[in-house]
Amino acid sequence: MGAASPQPPAWLVYDGAPPEPDGVPVSGGASRTRAGLHETLAGSLALPGWYGRNWDALADALADRLDSGPLTLVVTDAADLLADEPPAQLGTLLDVLGAVAAGGHETLRVVLRDDPDRLRALRDRVAAVLGGRVGAPPPAAG
């Protein structure tokens, strides 16, 4: 066994409970790629037409959404989230979500929900992509 995974940021929760979302459901299975994730989020959150389906636009759209109240995203089948992308893309998503959560808006909460057996691998994947930079500002846009 390796070193213990760092604690996730306060806005990120792992959940092995049955898939009855208490929040906005986001399909991890439909979000295996960046394009799939952006399309899924655009539909699930009814994001505005100006949403450019990139990381900067996601940060702006979520910040605008949080101005109207707290938001909980429940990612079902979370182990599939960005699974067909290079690992750094999951790190970028988490950085964007962390920056939005720290941005002084209403509360953002992200629940990663999956079978308990799959959650262990997901925790390891998240810890690996964050590499100790939990809560760090996002890297320069690219």
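Below, each value reflects all heavy atoms present in this structure, side chains not excepted, and no hydrogens, waters or symmetry copies.
In this structure, Val26 and Leu81 have side chains that are not in contact, with every pair of non-hydrogen atoms separated by 4.5 Å or more. Contact of the Leu94 side chain with the Val110 side chain is not registered, since no non-hydrogen atoms from C-beta on lie closer than 4.5 Å. Within the 4.5 Å cutoff, no side-chain heavy atoms of Leu12 are placed close to those of Leu97.
With rounding to the nearest 0.5 Å, the separation of OG in Ser44 from CG in Leu73 is 8.5 Å. Annotation: the span from Asp67 atom CG to Glu106 atom CD amounts to 8.5 Å, rounded to 0.5 Å. Taken to the nearest 0.5 Å, the CZ atom of Arg113 stands 9.0 Å off from the OG1 atom of Thr76. Here CG of Leu90 is found 10.0 Å from CG of Leu37. Values are rounded to the nearest 0.5 Å. Here the straight-line distance linking atom CG of Leu119 with atom CG of Asp124 works out to 11.0 Å at 0.5 Å rounding. The distance from atom CG of Leu58 to atom CG of Leu62, rounded to the nearest 0.5 Å, is 4.5 Å.
Closest approach of Gly23 to Pro25, counting heavy atoms only: O-CD, 3.2 Å. Nearest approach of Val100 to Ala63, heavy atoms of both residues: CG1-N, 4.1 Å. Across Thr40 and Ser27, no two heavy atoms sit closer than the pair CG2-N, 3.9 Å. Among all heavy-atom pairs drawn from Ala57 and Gly52, the shortest one is CB-N, 3.4 Å.
Residues satisfying the salt bridge (Lys or Arg N to Asp or Glu O under 4.0 Å) criterion with Glu39, sequence neighbours excluded, are Arg53. Applying the side chain to side chain contact (heavy atoms under 4.5 Å, CB included) test to Asp117 and every residue at least two apart in sequence or in another chain returns nothing. Residues forming a salt bridge (Lys or Arg N to Asp or Glu O under 4.0 Å) with Arg118 (at least two apart in sequence, or on another chain): Asp80, Asp114. Partners of Pro87 by side chain to side chain contact (heavy atoms under 4.5 Å, CB included), not counting sequence neighbours, listed by chain and number: Val129. Every residue meeting the side-chain hydrogen bond (donor to acceptor under 3.5 Å, both in side chains) condition with Asp84, not counting sequence neighbours, appears here in chain and number order: Arg32.
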side-chain contact (heavy atoms from CB on, under 4.5 Å) assessment of Thr107 paired with Leu66: CA-CA 7 Å; Thr107 303; Leu66 288 174; over 6 Å; no

Would Leu82 and Arg125 count as a side-chain contact (heavy atoms from CB on, under 4.5 Å) if you check the C-alpha gap in whole Å, the side-chain angles of each, and the deciding distance to 0.1 Å? CA-CA 11 Å; Leu82 295 174; Arg125 193 170 144 226; 4.1 Å; yes

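Residue pairs meeting the ring pair (Phe, Tyr, Trp, His ring centres under 6.0 Å) criterion with at least one member in residues 22-47, sequence neighbours excluded: His38-Tyr51, His38-Trp55.
The backbone N or O of Arg65 sits less than 3.5 Å from a side-chain atom of Ser68, completing a donor-acceptor pair.
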